[in-house]
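Structure, as structure tokens:
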Protein chains: 2
Amino acid sequence: MNTTGRKLRADAERSIKTIMEAAERVLSENPAATMEQIAEAAGVARTTIHRRFASREALIDIMAVAAWKEIAEAVDAARPATAPPRVAMYQATANVLRVKSGWRFALAQHGPLTGEAARIEAEVTAKSDLVIGRAQQEGVIRPDVDLLWARRVYFAVLTEAAHGSFTGTGPDPDAGIDELATRVVDTVLRGLGPGKD
Amino acid sequence: MNTTGRKLRADAERSIKTIMEAAERVLSENPAATMEQIAEAAGVARTTIHRRFASREALIDIMAVAAWKEIAEAVDAARPATAPPRVAMYQATANVLRVKSGWRFALAQHGPLTGEAARIEAEVTAKSDLVIGRAQQEGVIRPDVDLLWARRVYFAVLTEAAHGSFTGTGPDPDAGIDELATRVVDTVLRGLGPGKD
DNA sequence: GACAACCGCAACATTCATGTTGCAGATAAG
DNA sequence: CTTATCTGCAACATGAATGTTGCGGTTGTC
């Protein structure tokens, strides 16, 4: 396989991309799917996968890194350190939902992450905590709320929202995502109950 | 193995119980654990497991059924059809959290459930919807909230709360659970933000 | 157009989990 | 106490998935 970062030919790069996309598709429906099934879905021979990825584990790890990089970009694009907390939360939620729809498997927790992926995940977590902390300082989150709990709840609802309901790229795929993001932030901050009665 | 419901000897029943408990322990830490590892944790020979359970799949399925039965009892004990919605929600949450702490693996989603377990899960879902629907009628949940979304959010937060934080049976193991249940219901209904400002 | 890289295919080696069988000794039940 | 059941152990069968290698043909690259 290719451990060295040597320059690859164009068709090889294409194979890698095709394989990772197929793997994501197949594994998101059946995490125990075999290399054979992935190869078939990708339209390549099984040996080609082994040529490009040292092992099944390596393939999954590389997918996780790629996915988490996109998540990190999605969060950064929401300007977590500078934008008003509410805006940052909404933006990050929408961006992350978009990324999650394409990396359902790679972003699912398969035990604790390791290596590069773990590092990026930690970065994302830190940035999330930053936003949540700023949100509390500015009164968007109550002062008595534990921030660790706040993050866990936010992640849980975000992940739940990402399940299903990515039904086909209709006329405007972003409309659904934007609405979903609004609902996530709204639910986490206001809850499901009435304000005061 | 034992397909027929014949009367088993006391030691056989004991084995079954021990195996299921060990399986829950081992599989909750590593869902891909082998029968060998489960047998070792249970202190029995691997062949004994196969004597009591037709296959790995059967073992897991039986565990799922047992776990969901306990969940169903936990929900029923909260009187979902008659108790005031807030009370029922709180009671069900506390009861379910207790059960979840002992059946982490068996209650995790391993693809859609089948057979008996699926039936019980559907029952539980129906009763949850009942409580949530009554909650909305009585104004505990806003009228504009989609009930399917409400259930999904509630389940997501409940599951999140069940992760970790079952640290040892201290002097009063229920104190932690009760506090956790309060926090779950409070978070879902009030959210993390201020009431009005 | 020449050369190197890449792919499909077939064949093989290896490892590992699952499930079975038979038997000798232990243990519950009546 | 007698009998049927249960367990551990050792051995075996099977099947499946992973990973490797070599070759002939194809496809980028310069």
Side-chain angles (χ1 to χ4, degrees), chain A residues 1-64 105-106 110-111 114-115, chain B residues 1-64 105-106 108 110-111 114:
Chain A
M1 68 140 279
N2 168 33
T3 359
T4 79
R6 201 176 80 267
K7 227 187 294 179
L8 293 177
R9 234 171 62 175
D11 47 356
E13 300 273 19
R14 216 182 312 146
S15 287
I16 292 179
K17 194 180 166 191
T18 307
I19 291 167
M20 286 175 65
E21 287 169 358
E24 169 56 40
R25 242 177 306 139
V26 173
L27 291 173
S28 66
E29 283 206 357
N30 172 23
T34 69
M35 300 294 260
E36 188 68 50
Q37 295 172 281
I38 296 172
E40 190 187 349
V44 302
R46 186 175 62 91
T47 46
T48 297
I49 300 188
H50 285 105
R51 246 192 290 266
R52 296 297 150 220
F53 302 93
S55 66
R56 177 197 176 80
E57 201 187 336
L59 167 61
I60 291 177
D61 194 66
I62 290 174
M63 286 170 63
F105 168 80
H110 313 296
T114 59
Chain B
M1 67 140 287
N2 169 30
T3 359
T4 81
R6 201 178 82 267
K7 228 188 291 180
L8 293 177
R9 236 171 62 176
D11 47 356
E13 301 273 18
R14 213 182 314 145
S15 287
I16 292 179
K17 195 180 166 190
T18 307
I19 291 167
M20 284 175 66
E21 287 169 358
E24 170 56 39
R25 242 178 305 138
V26 173
L27 291 173
S28 66
E29 283 206 357
N30 173 22
T34 68
M35 301 293 260
E36 186 69 50
Q37 294 172 281
I38 295 171
E40 191 187 349
V44 302
R46 186 174 63 90
T47 46
T48 297
I49 300 187
H50 284 106
R51 248 191 289 266
R52 296 296 152 220
F53 302 92
S55 67
R56 177 198 177 78
E57 201 187 336
L59 167 61
I60 291 176
D61 195 64
I62 291 173
M63 287 171 62
F105 168 80
H110 313 297
T114 59

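First the proteins, then the strands, lettered A, B, ... as listed; each starts at 1.
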Of the candidate nucleotides C:dC6, D:dC6, C:dT18, which contains the atom at the shortest distance from the side chain of A:R9? C:dC6
For B:D11 and for B:M35, locate the closest nucleotide of DNA chain C by heavy-atom distance; then report the residue assigned to the nucleotide nearer the 5' terminus. B:M35
At less than 4.0 Å, is any side-chain N or O atom of B:T48 found next to OP1 or OP2 of D:dG8? Yes or no. yes
What is the distance, rounded to the nearest whole Å, between atom CG of A:N30 and atom P of D:dA17? 10 Å
Among D:dT18, C:dA28, C:dT20, the one nearest B:R46 by side-chain distance: C:dT20
Find the distance A:L59:CG to D:dA17:C1' and express it as a whole number of Å. 15 Å
Select one nucleotide: of D:dG19, C:dC7, C:dT18, the one nearest the side-chain heavy atoms of B:H50. C:dT18
Let me know the distance between CD1 of A:I16 and P of C:dC6, rounded to the nearest Å. 9 Å
Take the protein atom CZ of B:R52 and the nucleotide atom P of D:dT5, then report the distance between them rounded to whole Å. 11 Å
Closest non-hydrogen atom pair, A:A42 against A:I19: CB-CA, 4.1 Å
Tightest non-hydrogen contact, residues B:Q37 and B:V26, listed as O-CG2, 4.3 Å
Under 4.0 Å between a side-chain N/O of A:T34 and OP1 or OP2 of D:dA17, yes or no? no
Minimal heavy-atom distance between B:R56 and B:P31, with the atoms involved, is NH2-O, 3.2 Å
Using atom CZ of B:R14 as one end and atom C1' of D:dT7 as the other, report the distance to the nearest whole Å. 11 Å
Regarding C:dG19, can its base be found pairing with the side chain of B:R56 as donor and acceptor, where the two atoms are less than 3.5 Å apart? no
Heavy atoms of B:A41 and B:A22 approach each other most closely as C-CB, 3.9 Å
Taking the side chain as every heavy atom from C-beta outward, state whether A:F53 and A:I60 have any pair of such atoms under 4.5 Å apart. no
Distance, rounded to the nearest Å, where A:F53 contributes CZ and D:dT20 contributes P: 15 Å
What's B:T47 touching, base or sugar-phosphate or nothing? Going by heavy atoms closer than 4.0 Å. base
Could you tell me the separation between the CD atom of B:E36 and the C1' atom of D:dA10, rounded to a whole number of Å? 13 Å
Under 3.5 Å, is there any donor-acceptor pair linking the side chain of A:R51 to the base of D:dG19? no
Quick one: B:E13 CD to D:dT7 C1', roughly how many Å, whole number? 15 Å
